[in-house]
Amino acid sequence: MIVYNPKDWFHSTFSLHRSDTARKLFPLILALAIYSGSIAYWELEYLKLSEVSWIKNITLVHNLLGFVMSILLVFRTNTAYDRWWEARKQWGSLTNSSRNLAIKMNAILDKDDKVNRSFFRKSIPLFADTLFAHLRANKTRFMLDEVDHPEFESLDEQKHGPNQVASMIVERANSLYKEGVITGDQLIVINNELQAFTDICGACERIKNTPIPMSYSSFIKKFVFIYVITLPIGYVSSMGYFVIAAVPFIFYVMASLELIAESIEDPFGVDPDDLPIEKMGENIRTHVVEIIH
């Protein structure tokens with residue numbers, strides 16, 4: 001994720017970064033400029049269509065369709081941003097639940113109980129690590145500096161990583177209750193955080209595995225293409241050779257909105273605008289280690 005100063009207009013306006021849509025669309029913009037120039041030359045120099053009155057009325061169709069296009073693109077962008085923001089809220093909830101569970105276990109466990117303290121100090125951030133790997137669609141890997149507990153060795157990398165870690169934490173909490181290390185009331189106290197882990201995982205999977213319907217996304221792309229490709233035909237009569245600059249600019253604005261929506265609708269990817277979930281997982285590990293001594 002790119003961290004920037006939103007008040008720096010100069011840098012935002014004139015710099016090109018890796019996620020800038022102008023860089024991605026430049027070949028199409030150049031091709032569209034050549035196409036618009038060819039249409040303008042053909043109509044103005046050979047067909048003389050600018051002198052025909054009915055040709056001038058074609059722009060009315062583009063004006064009406066432009067209003068419809070703006071509504072579709074705004075809805076498309078808002079829908080994609082809602083997915084991005086929902087993912088950010090879920091990982092914020094995961095950070096809070098991890099901290100709360102660490103604070104409660106630090107208070108509940110005896111200061112000399114090094115085994116259980118070591119277990120929760122590693123297992124709580126391990127859930128964030130496995131969820132990160134799970135959402136990035138990589139094989140779940142369990143990276144630990146030391147393996148002090150046999151529970152970690154039984155984890156199967158081919159299975160659902162977050163579920164395994166959550167089950168492992170719940171089983172340890174239940175074992176502590178049976179052994180009398182924690183009371184029933186204390187088990188109830190930490191139950192909300194234990195349940196939140198699975199709820200957050202399910203919410204993130206819902207975002208990851210439910211993309212925008214293909215028919216809707218495909219329709220917008222076709223609509224933009226047909227709208228832009230017919231612009232020079234109608235606007236040459238009123239704009240002349242200026243369509244060489246105007247039409248590519250209109251395409252740049254419309255296509256950029258679609259590209260931005262595509263970029264942020266999958267917030268768990270590796271694009272510059274995606275969430276820095278790897279960094280969030282590192283922060284969770286740092287905070288939990290600080291809390292559970």
Side-chain angles (χ1 to χ4, degrees), residues 1-4 85-136 138 140-155 157 161-177 179-204 267-268 270 274-293:
M1 182 177 181
I2 299 177
V3 179
Y4 68 100
W85 183 240
E86 175 63 21
R88 179 63 185 89
K89 290 194 294 184
Q90 292 299 329
W91 270 82
S93 298
L94 178 61
T95 301
N96 293 337
S97 297
S98 300
R99 291 172 180 170
N100 289 333
L101 181 58
I103 291 172
K104 292 177 181 180
M105 295 310 302
N106 181 61
I108 292 173
L109 295 175
D110 189 86
K111 298 297 182 182
D112 297 329
D113 192 350
K114 296 182 179 180
V115 174
N116 288 318
R117 283 179 171 273
S118 176
F119 173 83
F120 284 101
R121 186 167 59 247
K122 292 181 178 180
S123 61
I124 294 175
L126 181 61
F127 181 85
D129 293 342
T130 54
L131 181 58
F132 157 75
H134 179 65
L135 295 174
R136 285 285 172 85
N138 298 323
T140 304
R141 300 181 182 274
F142 302 95
M143 305 297 293
L144 296 175
D145 296 334
E146 298 177 2
V147 182
D148 296 330
H149 309 280
E151 296 91 340
F152 294 108
E153 297 178 352
S154 63
L155 296 176
E157 295 185 5
N163 281 350
Q164 293 186 80
V165 177
S167 299
M168 185 175 60
I169 296 175
V170 172
E171 289 175 0
R172 174 53 67 96
N174 188 56
S175 297
L176 293 178
Y177 167 69
E179 296 170 1
V181 177
I182 63 176
T183 64
D185 293 336
Q186 291 172 331
L187 184 61
I188 294 176
V189 167
I190 65 175
N191 180 67
N192 290 335
E193 283 72 27
L194 298 177
Q195 183 176 350
F197 282 178
T198 303
D199 293 340
I200 292 170
C201 177
C204 291
F268 306 119
V270 294
D274 291 334
L275 293 176
I277 56 178
E278 184 176 11
K279 181 62 177 177
M280 294 179 187
E282 294 175 359
N283 290 338
I284 291 175
R285 179 177 298 278
T286 300
H287 298 159
V288 172
V289 171
E290 291 176 353
I291 294 171
I292 303 180
H293 304 292

Donor-acceptor pair, [X] side chain versus [Y] backbone, under 3.5 Å?
{"X": "Asn100", "Y": "Asn96", "result": "yes"}
{"X": "His287", "Y": "Asn283", "result": "yes"}
{"X": "Arg88", "Y": "Leu275", "result": "no"}

- Item | Which atom of Cys201 lies closest to which atom of Leu131, heavy atoms considered |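 Heavy atoms only, the tightest pair is SG-CD1, 3.8 Å.
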
Minimum side-chain heavy-atom gap [X]-[Y] below 4.5 Å:
{"X": "Met105", "Y": "Ile190", "value": "yes"}
{"X": "Asn163", "Y": "Phe127", "value": "no"}
{"X": "Phe197", "Y": "Val170", "value": "no"}
{"X": "Met168", "Y": "Phe119", "value": "yes"}
{"X": "Ile200", "Y": "Trp91", "value": "no"}
{"X": "Ile108", "Y": "Thr183", "value": "no"}
{"X": "Phe268", "Y": "Asp274", "value": "no"}
{"X": "Ile182", "Y": "Lys104", "value": "no"}

- Hey, which of Val289, Ile291, Val288 is the one that makes side chain to side chain contact (heavy atoms under 4.5 Å, CB included) with Ile124?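 With Ile124 as partner, Val289, Ile291, Val288 yield a single side chain to side chain contact (heavy atoms under 4.5 Å, CB included), made by Val288.
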
Distance check, rounded to the nearest 0.5 Å: [X] atom [atom1] versus [Y] atom [atom2]?
{"X": "Ser123", "Y": "Ile169", "atom1": "OG", "atom2": "CD1", "value": "4.0 Å"}
{"X": "Leu109", "Y": "Gln186", "atom1": "CG", "atom2": "CD", "value": "9.0 Å"}
{"X": "Ile292", "Y": "Ser118", "atom1": "CD1", "atom2": "OG", "value": "9.5 Å"}
{"X": "Thr198", "Y": "Gln195", "atom1": "OG1", "atom2": "CD", "value": "8.0 Å"}
{"X": "Gln164", "Y": "Glu171", "atom1": "CD", "atom2": "CD", "value": "10.5 Å"}
{"X": "Asp199", "Y": "Ser97", "atom1": "CG", "atom2": "OG", "value": "9.0 Å"}

- Message: Pair Val115, Asp113 - check side-chain contact (heavy atoms from CB on, under 4.5 Å), show working.
- Response: CA-CA 6 Å; Val115 174; Asp113 192 350; 4.2 Å; yes

- Message: With side-chain contact (heavy atoms from CB on, under 4.5 Å) as the criterion, how do Asn116 and Arg172 come out once you've worked through the C-alpha distance, each side chain's angles and the decisive distance to 0.1 Å?
- Response: CA-CA 9 Å; Asn116 288 318; Arg172 174 53 67 96; 2.7 Å; yes

- Salt bridge between Glu282 and Arg285, side-chain N to carboxylate O under 4.0 Å?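 No, no charged N to carboxylate O under 4.0 Å.
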
- Query: Going through the distances and angles, do Arg99 and Leu94 end up as a side-chain contact (heavy atoms from CB on, under 4.5 Å)?
  - Reply: CA-CA 9 Å; Arg99 291 172 180 170; Leu94 178 61; over 6 Å; no

- Does the pair Arg117 and Lys111 meet the rule for a side-chain contact (heavy atoms from CB on, under 4.5 Å), with working shown? CA-CA 8 Å; Arg117 283 179 171 273; Lys111 298 297 182 182; 3.4 Å; yes

